[in-house]
Amino acid sequence: MMAAAESPWLDEREQRAWRGFLDMHALVNRSLASQLQRDTDVSLADYAVLVTLTESDEGQLRSFAIAESLQWEASRLSHQLRRMRARGLVERRPCPEDRRGINVAITPAGREAIDAAAPLHVAEVRRVFIDHLDDTHLDALADAADRVRGVPTDAAPAT
């Protein structure tokens with residue numbers, strides 16, 4: 001492994017791509033977070049957890065599976081779930097596969113929140129991101145994301 005001192009500086013093209021990615025990510029996240037909070041009183045973190053739960057078979061998962069899916073540290077997820085439980089969006093349930101385990105489950109209030117937020121969120125994703133890109137840009141971005149995440153080419157969905 002190359003030591004940090006030996007790593008070459010980013011050239012102008014690499015720096016433009018890297019800084020552009022960081023700025024784009026911050027701009028899109030800031031816009032999505034404020035739209036959700038303003039229109040639905042659901043935070044971007046709430047939304048991420050609720051989407052993960054609604055995409056599961058029974059609307060419930062072990063917390064380690066949620067953390068893995070969102071690529072969050074356990075402590076971040078624990079704090080987020082505590083806030084969401086206090087607002088009635090999720091609840092703890094016994095895990096049928098492991099009597100000592102606990103599942104996190106979406107509640108009816110959580111389902112109502114995600115059902116109300118999702119169409120508005122998608123519209124904002126389109127407004128601040130998708131609508132600025134043509135098919136070539138979308139494909140290139142998806143391909144770049146797959147490469148960085150190490151997704152095998154044959155595992156990526158066909159476009």
Side-chain angles (χ1 to χ4, degrees), residues 18 21-159:
W18 177 241
F21 167 76
L22 291 176
D23 291 347
M24 176 184 66
H25 183 264
L27 172 77
V28 170
N29 271 354
R30 185 174 49 249
S31 182
L32 295 175
S34 43
Q35 175 274 320
L36 279 171
Q37 200 67 51
R38 178 186 67 242
D39 297 342
T40 68
D41 200 31
V42 170
S43 72
L44 196 53
D46 293 339
Y47 189 86
V49 171
L50 293 173
V51 165
T52 302
L53 289 172
T54 59
E55 289 176 344
S56 70
D57 290 337
E58 297 176 11
Q60 60 184 344
L61 290 168
R62 298 286 295 270
S63 41
F64 73 82
I66 298 169
E68 185 177 285
S69 174
L70 297 175
Q71 298 183 29
W72 287 3
E73 297 292 326
S75 62
R76 176 182 180 190
L77 180 63
S78 177
H79 291 298
Q80 181 63 38
L81 293 175
R82 181 180 40 77
R83 290 187 294 270
M84 292 176 75
R85 277 194 315 271
R87 291 175 42 227
L89 300 174
V90 298
E91 63 187 7
R92 295 167 56 118
R93 291 187 186 159
C95 177
E97 299 85 32
D98 178 359
R99 292 182 352 170
R100 296 172 295 155
I102 297 292
N103 281 344
V104 176
I106 190 168
T107 63
R111 187 133 343 242
E112 283 179 30
I114 192 71
D115 288 348
L120 301 170
H121 179 72
V122 170
E124 187 70 359
V125 168
R126 287 192 174 285
R127 186 184 76 76
V128 301
F129 186 71
I130 300 294
D131 291 348
H132 297 276
L133 306 172
D134 61 21
D135 290 347
T136 302
H137 292 118
L138 287 171
D139 291 341
L141 185 60
D143 290 345
D146 287 345
R147 278 179 166 256
V148 170
R149 292 178 304 147
V151 175
T153 310
D154 58 333
T159 55

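Only this structure's heavy atoms are used, side chains among them; waters, hydrogens and symmetry mates stay out.
- Under a 3.5 Å cut-off, the side chain of H132 and the backbone N or O of R126 do not form any donor-acceptor pair.
- In this structure, the side chains of R111 and L53 stay at 4.5 Å or more apart for every pair of heavy atoms.
- Contact detail for V42 and R87: the closest heavy-atom pair is CA-NH2, 4.3 Å.
- Taking every heavy atom of both residues into account, L77 and A67 meet most closely at CD2-N, 3.6 Å.
- Although no hydrogens or angles enter the test, the distance criterion places a donor-acceptor pair under 3.5 Å between the side chain of T107 and the main chain of G88.
- Using a 4.5 Å cut-off on side-chain heavy atoms (C-beta onward), R62 and D98 make contact.
- When all heavy atoms of A118 and Y47 are compared, the closest pair comes out as CA-OH, 3.5 Å.
- Looking only at side-chain heavy atoms (C-beta outward), V128 and L27 stay at 4.5 Å or farther from each other.
- Using a 4.5 Å heavy-atom threshold, the side chains of V148 and F21 count as separate.
- Checking each of L120, I130, V28 against V125 for a side chain to side chain contact (heavy atoms under 4.5 Å, CB included) leaves exactly one that passes, namely I130.
- Looking at L81 and R92, their side chains never come closer than 4.5 Å, going by heavy atoms from C-beta outward.
- With a 4.5 Å cut-off on side-chain heavy atoms, L89 and I114 do not count as touching.
- Residues I106 and R93 share a closest heavy-atom pair of O-NH2, 4.0 Å.
- Interatomic distance, OG1 of T40 versus CG of D115, reported as 12.0 Å (0.5 Å rounding).
- Counting only heavy atoms from C-beta outward, the side chains of R83 and S43 never approach each other to under 4.5 Å.
- Between the side chains of R38 and Q35, not a single donor N or O lies within less than 3.5 Å of an accepting N or O.
- Of all the heavy atoms in L50 and A113, the pair that sits closest is CD1-CB, 4.4 Å.
- Contact of the D46 side chain with the Q80 side chain is registered, since non-hydrogen atoms from C-beta on lie closer than 4.5 Å.
- For the atom pair CG (L36) and CG (L44), the distance works out to 6.0 Å, reported to the nearest 0.5 Å.
- Within the structure, no pair that satisfies the ring-ring contact (aromatic ring centres under 6.0 Å, His included) test touches residues 61-116, not counting sequence neighbours.
- Under a 3.5 Å cut-off, the side chain of D134 and the backbone N or O of T136 do form a donor-acceptor pair.
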